[in-house]
Amino acid sequence: MRLRWPQADIGIAVGSGSDIAAETAVIVLVNSNAEDIVSQILFGKATYRKMIQNLIWATGYNVIALPLAAGVLYNQNISLSPEAGAVLMTVSIVVVAINARLLKVKSQAVIGIYIPQK
């Protein structure tokens, strides 16, 4: 019978710990505060929700505005001029940017965590 070592899904090190632990960890707690782990998990979930919101907005725009601008419903006298399509595209970009910026406002509470780039 072979014994198997358990494998972790994520590595967390305390900033005041050894360099080897900090180098191999996915998350390094700079302030040595374990509550920062919860904050980081909540921040990750908020980031995912924001990504889904932006994806839904962009998909909705592409499904509705682009075919109208291309003249798909021109026979029913429903069309969107290229100028209006350009304005709507700009509005779409602004909405996505503002939505992403709202995440940064919420993330101000998440401090004291350093995620090394591997």
Side-chain angles (χ1 to χ4, degrees):
M1 177 162 75
R2 293 178 108 186
L3 294 176
R4 300 181 87 196
W5 290 102
Q7 293 184 350
D9 292 329
I10 189 167
I12 300 172
V14 177
S16 61
S18 70
D19 291 339
I20 294 173
E23 191 173 315
T24 59
V26 174
I27 296 175
V28 178
L29 300 177
V30 178
N31 295 329
S32 303
N33 186 357
E35 291 177 0
D36 289 340
I37 298 170
V38 175
S39 297
Q40 187 65 23
I41 291 170
L42 294 175
F43 179 67
K45 289 179 179 182
T47 301
Y48 182 78
R49 280 192 306 272
K50 237 7 127 170
M51 181 186 70
I52 296 298
Q53 289 171 2
N54 287 339
L55 182 65
I56 289 170
W57 172 258
T59 302
Y61 168 81
N62 287 326
V63 165
I64 295 170
L66 289 179
L68 289 177
V72 171
L73 298 176
Y74 185 75
N75 292 339
Q76 287 82 18
N77 291 329
I78 300 173
S79 66
L80 186 65
S81 69
E83 296 84 5
V87 169
L88 284 177
M89 177 62 94
T90 303
V91 169
S92 175
I93 292 169
V94 169
V95 166
V96 168
I98 289 172
N99 195 22
R101 183 73 179 157
L102 290 174
L103 178 64
K104 186 170 184 178
V105 170
K106 288 182 179 180
S107 71
Q108 295 299 323
V110 181
I111 56 173
I113 293 182
Y114 169 70
I115 301 177
Q117 301 298 318
K118 304 268 179 178

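At least one side-chain heavy atom of Met89 sits less than 4.5 Å from a side-chain heavy atom of Ile93.
Note on Tyr61: it clusters hydrophobically with Ile78, by side-chain heavy-atom contacts below 4.5 Å among ILVMFWY residues. Hydrophobic clustering of Ile, Leu, Val, Met, Phe, Trp and Tyr side chains at less than 4.5 Å, counting indirect connections, unites Tyr48 with Ile56.
Taking all atoms of both residues into account, the shortest heavy-atom contact from Ser92 to Trp57 is OG-NE1, 3.1 Å.
With values rounded to the nearest 0.5 angstrom, Ile64 atom CD1 is found 10.5 Å from Thr59 atom OG1. Taking CG of Leu88 as the start and CD of Glu83 as the end, the distance is 12.0 Å to the nearest 0.5 Å. From Leu103, atom CG reaches atom NZ of Lys50 across 6.5 Å, with rounding to the nearest 0.5 Å.
Applying the side-chain contact (heavy atoms from CB on, under 4.5 Å) test to Asn62 and every residue at least two apart in sequence or in another chain returns Leu66. With sequence neighbours excluded, the residues forming a side-chain contact (heavy atoms from CB on, under 4.5 Å) with Ala69 are Leu80, listed by chain and number.
When Val94, Val95, Val96 are each tested for a side-chain contact (heavy atoms from CB on, under 4.5 Å) with Ile98, only one passes: Val94.
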